[in-house]
Amino acid sequence: MVVTVDSLPVLPVLVVILVCGALCVAYGVLIERRWFRLRRYDLAILPPGGPERLDILHLSDLHVVRGDAAKRRFLGGLPAADVTVVTGDFLAEPEAVENAVAAVRATRGRLASWFVLGSNDYFVPKPLNYLSYFRRTRARRLAQGGRSADLIAQLTADGWIDLTNSRRDTDLGELPIELLGLDDAHIRWHDLRVAPKTTTRFGIAVMHSPDSVPEVAALSYDLLLAGHTHGGQVCLPLVGALVTNCSMPRRLVEGLSRMGTAIVHTSRGLGTSKYAPFRFWCRPEATILRLRRRPAATLNDLGT
């Protein structure tokens with residue numbers, strides 16, 4: 001039998017496609033973007049003379065709005081950590097500064113609490129054509145300033161340390177570290193002049209966008225923490241992230257990776273832009289990095 005185009009059930013096929021598409025959108029908007037989870041990784045990377053264990057809670061891209069009760073409950077239920085790091089984009093709207101500060105208050109670390117900001121903290125977010133994320137370059141837009149000064153003041157009053165474009169030597173209990181923080185490379189506000197490492201201390205680098213990762217990894221820092229990508233936010237099975245919104249390859253858009261001798265953790269984050277409230281195959285998450293002492297006779301071992 002010869003099958004012609006006219007004999008195909010076009011209308012029923014279109015209906016099925018539209019229904020499946022609508023169900024996927026509903027799932028992404030109503031379920032997955034609020035389906036928060038906590039991931040844990042063990043990393044045997046601490047120097048032999050350091051502590052046996054150091055827990056780091058990595059949060060990123062909270063994109064808090066007014067209200068946001070589910071996200072606040074999730075944050076309030078996270079386990080205590082030695083160090084808490086937020087790699088930017090606390091806000092989805094400037095009116096949520098107070099709510100964002102209150103939301104992360106319970107997550108503060110026992111030894112230290114650090115942060116850098118992202119572009120959504122500096123500027124009022126605007127709607128953006130979704131297709132523009134697939135372009136290699138995007139035209140720069142005029143942006144209205146947000147409430148970053150208020151956010152920084154309230155966070156620091158709560159005991160958080162602003163690491164923006166700074167490098168310092170400090171101690172985490174019995175672990176001496178060299179600590180780097182960089183501003184958002186996605187808007188080219190990072191200052192690599194402060195980045196060169198000057199000691200042999202264990203090095204931790206904190207940044208919003210992973211666009212800074214290659215340069216910092218080359219400077220002998222041991223652990224790099226970044227966010228910004230949302231893990232791609234929209235992923236497909238076997239394909240992965242459709243876009244990365246950064247210069248990093250898609251396979252490095254989230255989770256753990258190694259670049260040279262450095263371990264990199266790029267967080268999926270917990271939020272989305274309020275103008276793109278959708279996730280698919282990319283659940284929002286917080287991460288506990290359990291750093292353990294490295295056996296003296298072995299190389300750095302990437303934990304799972």
Side-chain angles (χ1 to χ4, degrees), residues 33 36-39 41 56-64 71 74-75 78 81 83-92 96 100 103-104 107 109 113-123 125 133 146 148 151-152 155 160-165 179-190 204-217 221 223-235 241 243-257 259 262-274 276 279 282-289:
R33 77 181 178 98
F36 308 115
R37 71 176 178 184
L38 175 65
R39 297 186 71 176
Y41 295 99
I56 297 179
L57 172 62
H58 184 190
L59 304 172
S60 195
D61 298 270
L62 304 173
H63 291 284
V64 175
K71 193 177 297 171
F74 175 78
L75 289 166
L78 290 173
V83 179
T84 300
V85 183
V86 184
T87 48
D89 277 359
F90 288 82
L91 304 176
V104 298
T107 71
S113 305
W114 305 326
F115 73 93
V116 293
L117 300 186
S119 60
N120 285 273
D121 303 316
Y122 292 117
F123 303 107
Y133 286 103
S148 59
L151 178 61
I152 292 171
L155 286 170
W160 295 83
I161 297 175
D162 180 8
L163 301 182
T164 302
N165 286 336
L179 177 62
L180 171 69
L182 290 177
D183 211 338
D184 189 353
H186 187 64
I187 55 174
R188 303 176 187 174
W189 282 20
H190 62 309
I204 300 177
V206 177
M207 62 204 73
H208 176 61
S209 171
D211 288 316
S212 306
V213 162
E215 292 91 341
V216 175
Y221 285 88
L223 178 65
L224 281 59
L225 304 176
H228 175 67
T229 65
H230 298 191
Q233 190 167 320
V234 178
C235 302
V243 297
T244 66
N245 203 26
C246 71
S247 61
M248 299 292 282
R250 288 191 299 172
R251 63 186 175 83
L252 302 180
V253 77
E254 62 93 16
L256 284 176
S257 59
M259 187 166 290
I263 299 297
V264 183
H265 182 257
T266 305
S267 174
R268 288 185 179 184
L270 285 171
T272 67
S273 165
K274 71 176 187 178
R279 280 183 180 262
C282 188
R283 286 176 61 186
E285 63 186 31
T287 308
I288 290 282
L289 302 173

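What you see below is based on every heavy atom in this structure, not just the backbone, and it leaves out hydrogens, waters and symmetry mates. All values reported here derive from a predicted model rather than from experimental measurement. Numbering starts at 1 and runs along the sequence shown.
No side-chain donor from either of His63 and Ser273 sits under 3.5 Å from a side-chain acceptor of the other. No hydrogens or angles considered: a donor-acceptor pair under 3.5 Å links the side chains of Asp211 and Ser247.
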side-chain contact (heavy atoms from CB on, under 4.5 Å) evaluation trace for Leu78 with Ile288: CA-CA 10 Å; Leu78 290 173; Ile288 290 282; over 6 Å; no
Using the side-chain contact (heavy atoms from CB on, under 4.5 Å) rule, take Thr87 and Val206 through it: C-alpha gap first, then chi angles, then the decisive distance, then the call. CA-CA 7 Å; Thr87 48; Val206 177; 3.8 Å; yes
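With a 4.5 Å cut-off on side-chain heavy atoms, Arg37 and Arg268 count as touching. Asp162 has its side chain within reach of Phe115: a pair of non-hydrogen atoms, C-beta onward, lies under 4.5 Å apart. Residues Val116 and Leu182 are not in side-chain contact: their nearest non-hydrogen atoms beyond the backbone lie 4.5 Å or more apart. Counting heavy atoms from C-beta outward, Leu252 and Thr244 have side chains that stay 4.5 Å or more apart. You'll find the side chain of Trp114 stays beyond 4.5 Å of the side chain of Leu225, heavy atoms only. Counting heavy atoms from C-beta outward, Leu224 and Met259 have side chains that stay 4.5 Å or more apart.
Within a 6.0 Å sphere centred on CZ of Arg251, heavy atoms belonging to other residues, nucleotides or ligands number 12 at most.
For the pair Ala92 and Pro125, the tightest heavy-atom approach, listed with the atom from each and the gap, is O-CG, 3.3 Å. Considering every non-hydrogen atom in both Asp61 and Gly269, the closest pair reads CB-CA, 4.1 Å. When all heavy atoms of Leu256 and Tyr41 are compared, the closest pair comes out as CD1-CD2, 3.3 Å. Residue Leu117 comes nearest to Ser148 through the heavy atom pair CD1-CB, 4.0 Å, listed as atom of the first residue, atom of the second, then distance. Contact between Cys235 and Gly231 at its shortest, heavy atoms only, is SG-O, 3.5 Å. Across every non-hydrogen atom of Trp160 and Val104, the tightest pair is CZ2-O, 3.4 Å.
The closest donor-acceptor contact from the side chain of Glu254 to the backbone of Ala241 lies at 3.5 Å or more, if one exists at all. No donor-acceptor pair under 3.5 Å is formed between the side chain of Asn245 and the backbone N or O of Thr229. No donor-acceptor distance shorter than 3.5 angstrom exists from the side chain of Ser209 to the backbone of Ala185, with no hydrogens or angles considered. Within the 3.5 Å criterion, the main-chain N or O of Gly109 finds a donor-acceptor partner in the side chain of Thr84. Panel note: side chain Arg279, backbone Gly271; a donor-acceptor pair is recorded below 3.5 Å. Put simply, the side chain of Asp121 gets close to the backbone of Phe90: a donor and an acceptor are under 3.5 Å apart.
Ring orientation note: the planes of His228 and His186 are tilted relative to one another, at an angle of 30° to 60°.
To the nearest 0.5 Å, atoms CG (Leu289) and CD1 (Ile204) are separated by 10.0 Å. Atom-to-atom distance recorded for Met207:CE and Asp184:CG is 11.5 Å, nearest 0.5 angstrom. Here Asp89 contributes atom CG and Leu59 contributes atom CG; the two are 13.0 Å apart, rounded to the nearest 0.5 Å. The NE2 atom of His265 sits 11.0 Å away from atom CD1 of Ile56, with the distance rounded to the nearest 0.5 Å. Residue Leu223 holds its CG atom at 12.0 Å from CG of Leu180, rounded to the nearest 0.5 Å. One distance of note links SG of Cys246 with NE2 of His208; it measures 10.0 Å at 0.5 Å rounding.
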